[in-house]
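What follows is a single structure, written as structure tokens, with notes after it.
Just the heavy atoms: all of them, side chains too, but no hydrogens, waters or symmetry mates, feed the values below. Because the structure is a prediction, the values reported are computed rather than measured.
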Amino acid sequence: MPDRAPQPVDRQLPTDEARDLISLVRDIAQREIAPKAAEEEDAGHFPREVLTLLSESGLLGLPYDSEYGGGDQPYEVYLQVLEELAAARLTVGLGVSVHTLACHALANYGTKEQQVEHLPDMLGGGLLGAYCLSEPSSGSDAASLRTKAVRDGDGWVITGTKAWITHGGVADFYTVLARTGGEGARGITAFLVPGDAEGLSAAVPEKKMGMKGSPTAQVHFDGVRIPDDRRIGEEGQGFAIALSALDSGRLGIAACAIGVAQAALDEAVAYATGRQQFGRPIADFQGLRFMLADMATQIEAGRALYLAAARLRDAGRPFAKQAAMAKLHCTDTAMKVTTDAVQVLGGYGYTADFPAERFMREAKVLQIVEGTNQIQRMVIARHLAGPESR
């Protein structure tokens, strides 16, 4: 079958700097990420060296202030960078999204002194972050978390277990939400915990359907002591900080989902235009042509939706509803498009010799992380009809 190279996405970018940035990302993706993606995912290899390269290239702090080593890029641009990275390998794209999420609390709620001390290394110094909200008994109901932080002199002692932590065991710092007061959302506070803190350990990573190169593990805090200057924001403000981070993080997941969907579409088009049956390419048959058209349309709709939400965020306007819509639509689209890509490839799509089956396995997790799509529907409905009656 002839090799039909996919055409780069025609992006609407606000500046020449942003266009140069996308060109840099595409070059790194084509040289350093995509060629090794299938082999390393199959082997469960975590590409720390790639994330280090991205940090050295200024790509781990794009939406943050350049005063602290960030890239001063609007979310509109940052998310399109994520999409390009996820199209090459979801482990990398999602890794950048999670790192950005882990930096959010300090960058937006930390004191000036905290930001000066920690942000340069977090944004461009080669460090990698993780975000610790979920627990074994509290996922969607995050306000019921049980990990405790107890005052001890001029510091805190953290005890508990976090679950489903991307980069668990390999992160250099953890943004941790812990209970410092009574039950419910108002008793939660945010902390910045170094990855080498005494008493911090990670369990064996989960054995997952997909994204085998991205470690997901429980993280244990066994009397971890940290000074008060690693508390982020006020006591009891942690849940509000967490929700703020998740609104932005959901846009990152949406962009990653469109990246995976685009990669699956590119694979399906290449196969359909090269595979000959009955004396002509299978892309000539209307049934497949319509599938490809529907796949492309849903991808473009998802891209437009996440970018519209990002532009609201960049303008300082409320965007929580639109972020939930983008996460919902884009991840459902990724699941549908990747499943259809397997169908286009037929039996070959079900084999590991082609990447379509990997894309389908990876797409599934995006409907779950950072709020399941059922939770997104609840968020959207609350914006439309108000809170549920009790």
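Tyr131 and Glu370 are not linked by any side-chain donor-acceptor pair at a separation below 3.5 angstrom, with hydrogens and angles left out of the test. Side chains of Asn108 and Ser244: a donor-acceptor N/O pair is absent below 3.5 angstrom, by distance only. Gln262 and Asp266 share a side-chain donor-acceptor pair at under 3.5 Å.
When the side chains of ILVMFWY residues are joined at heavy-atom separations under 4.5 Å, either directly or via intervening members, Val98 and Ile232 end up in two distinct hydrophobic clusters. Val9 and Val269 fall into different hydrophobic clusters, where Ile, Leu, Val, Met, Phe, Trp and Tyr are joined by side-chain heavy atoms under 4.5 Å apart, directly or via other members. Note on Phe173: it does not cluster hydrophobically with Trp164, by side-chain heavy-atom contacts below 4.5 Å among ILVMFWY residues. Phe290 and Leu345 are members of different hydrophobic clusters when ILVMFWY side chains are connected at heavy-atom separations under 4.5 Å. Residues Ile158 and Leu177 do not share a hydrophobic cluster, defined by chaining ILVMFWY side chains whose heavy atoms lie under 4.5 Å apart.
Within the 3.5 Å criterion, the main-chain N or O of Arg225 finds no donor-acceptor partner in the side chain of Glu198. Looking only at distances, a side-chain donor or acceptor of Tyr64 sits under 3.5 Å from a matching main-chain atom of His104. Judged purely by atom type and a 3.5 angstrom limit, Ser23 uses its side chain to pair as donor or acceptor with the backbone of Arg19. With hydrogens and angles disregarded, no donor-acceptor distance shorter than 3.5 Å links the side chain of Arg48 to the backbone of Val50. Put simply, the side chain of Arg179 gets close to the backbone of Gly184: a donor and an acceptor are under 3.5 Å apart. Within the 3.5 Å criterion, the main-chain N or O of Glu235 finds no donor-acceptor partner in the side chain of Thr189. A donor-acceptor pair is defined here as one N or O able to donate and one able to accept, closer than 3.5 Å; no such pair exists between the side chain of Ser55 and the backbone of Leu51. For Arg146 (side chain) and Thr161 (main-chain N/O), no donor-acceptor pair under 3.5 Å exists by modelled atom type. Side-chain atoms of Lys321 never come within 3.5 Å of backbone atoms of Leu384 as a donor-acceptor pair (strictly under, hydrogens ignored). Looking only at distances, no side-chain donor or acceptor of Lys364 sits under 3.5 Å from a matching main-chain atom of Met209.
Taking 4.0 Å as the cut-off between side-chain N and carboxylate O, Arg311 and Asp314 do not count as a salt-bridged pair. Ion pair Lys336/Asp332 not flagged as a salt bridge, since none of the NZ, NE, NH1 or NH2 atoms sits closer than 4.0 Å to an Asp/Glu carboxylate oxygen. Salt-bridge annotation for Arg303 and Glu300: present, with a side-chain N of the basic residue lying under 4.0 Å from a carboxylate O of the acidic one. A salt bridge is absent between Arg313 and Glu76: the closest approach of a Lys/Arg side-chain nitrogen to an acidic carboxylate oxygen does not fall below 4.0 angstrom. The pair Arg361-Glu41 fails the salt-bridge criterion, with no side-chain N (NZ, NE, NH1 or NH2) lying under 4.0 Å from an Asp/Glu carboxylate O. For the pair Glu267 and Arg358, the salt-bridge criterion is not met [side-chain N within less than 4.0 Å of a carboxylate O].
Atom CG of Leu59 is separated from atom OH of Tyr78 by 11.0 Å, given to the nearest 0.5 angstrom. Taken to the nearest 0.5 Å, the CG atom of Leu328 stands 4.5 Å off from the CZ atom of Arg377. Rounding to the nearest 0.5 Å gives a distance of 9.5 Å between CD of Gln367 and OG1 of Thr333. Annotation: the span from Arg11 atom CZ to Glu83 atom CD amounts to 4.0 Å, rounded to 0.5 Å. In this structure, CD1 in Ile33 is found 5.5 Å from CG in Leu54, a value given to the nearest 0.5 Å. Distance check: Ile253 CD1 to Leu79 CG gives 10.5 Å after rounding to the nearest 0.5 Å.
Partner of Lys162 under the side-chain hydrogen bond (donor to acceptor under 3.5 Å, both in side chains) criterion, out of Gln218, Glu135, His220: Glu135 alone.
For the pair Glu17/Gln73, a side-chain contact is recorded, criterion being any heavy-atom separation below 4.5 Å from C-beta on. Within the 4.5 Å cutoff, side-chain heavy atoms of Ile282 are placed close to those of Tyr271. Side-chain contact between Ser214 and Lys208: present, with at least one pair of heavy atoms (C-beta onward) separated by less than 4.5 Å. Contact of the Val365 side chain with the Thr216 side chain is not registered, since no non-hydrogen atoms from C-beta on lie closer than 4.5 Å. The side-chain heavy atoms of Leu60 and Met122, taken from C-beta on, include no pair separated by under 4.5 Å. Side-chain contact between Arg186 and Gln237: absent, with no pair of heavy atoms (C-beta onward) separated by less than 4.5 Å. Inter-residue side-chain proximity for Leu82 and Thr100 is flagged as unmet; no heavy-atom pair is nearer than 4.5 Å. Using a 4.5 Å heavy-atom cutoff, the side chains of Val116 and Tyr68 are in contact.
A cation-pi contact links Arg280 to Phe285, judged by a cut-off of 6.0 Å to the six-membered ring centre and 45° from its axis.
Scanning all heavy atoms of the two residues, the minimum distance from Ala341 to Ala264 falls at CB-O, 3.7 Å. For the residue pair Ser248 and Tyr75, the shortest heavy atom distance occurs at CB-OH, 3.4 Å. For Gly169 against Ala202, the heavy-atom pair with the smallest separation is CA-CB, 3.5 Å. Summarising the geometry of Ile188 relative to Ala142, their closest heavy-atom pair is CD1-O, 4.3 Å, with the distance given to 0.1 Å. Closest approach of Leu85 to Val25, counting heavy atoms only: CD2-CG1, 3.8 Å. What you find for Ala107 and Leu119 is that their closest heavy atoms are CA-CD1, 3.9 Å.
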Let me see the working for Glu32 and Glu49 under side chain to side chain contact (heavy atoms under 4.5 Å, CB included), right down to the final yes or no. CA-CA 10 Å; Glu32 305 292 340; Glu49 67 284 356; over 6 Å; no
Output, in order, the C-alpha distance, side-chain angles, deciding distance and verdict of side chain to side chain contact (heavy atoms under 4.5 Å, CB included) for Asp222 and Ser201. CA-CA 8 Å; Asp222 185 12; Ser201 63; over 6 Å; no
Please walk me through it: do Lys327 and Asn373 pass side chain to side chain contact (heavy atoms under 4.5 Å, CB included)? CA-CA 8 Å; Lys327 199 273 183 184; Asn373 282 6; 3.0 Å; yes
List the steps and the verdict of side chain to side chain contact (heavy atoms under 4.5 Å, CB included) for Val81 and Val96. CA-CA 10 Å; Val81 168; Val96 174; over 6 Å; no
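Aromatic ring orientation, Tyr174 versus Phe221: perpendicular (interplanar angle above 60°, classes split at 30° and 60°).
Counting heavy atoms of neighbouring residues, nucleotides and ligands inside a 6.0 Å radius, atom CD of Glu40 exceeds 12 of them. Around the CD atom of Gln12, the shell of radius 6.0 Å holds no more than 12 heavy atoms that belong to other residues, nucleotides or ligands. Around atom CG of Asp27, more than 12 heavy atoms belonging to other residues, nucleotides or ligands sit under 6.0 Å away. For NZ of Lys148, the number of neighbouring non-hydrogen atoms (other residues, nucleotides, ligands) closer than 6.0 Å is 12 at most.
Ring to ring, His167 and Phe46 are close: their centroids are under 6.0 angstrom apart.
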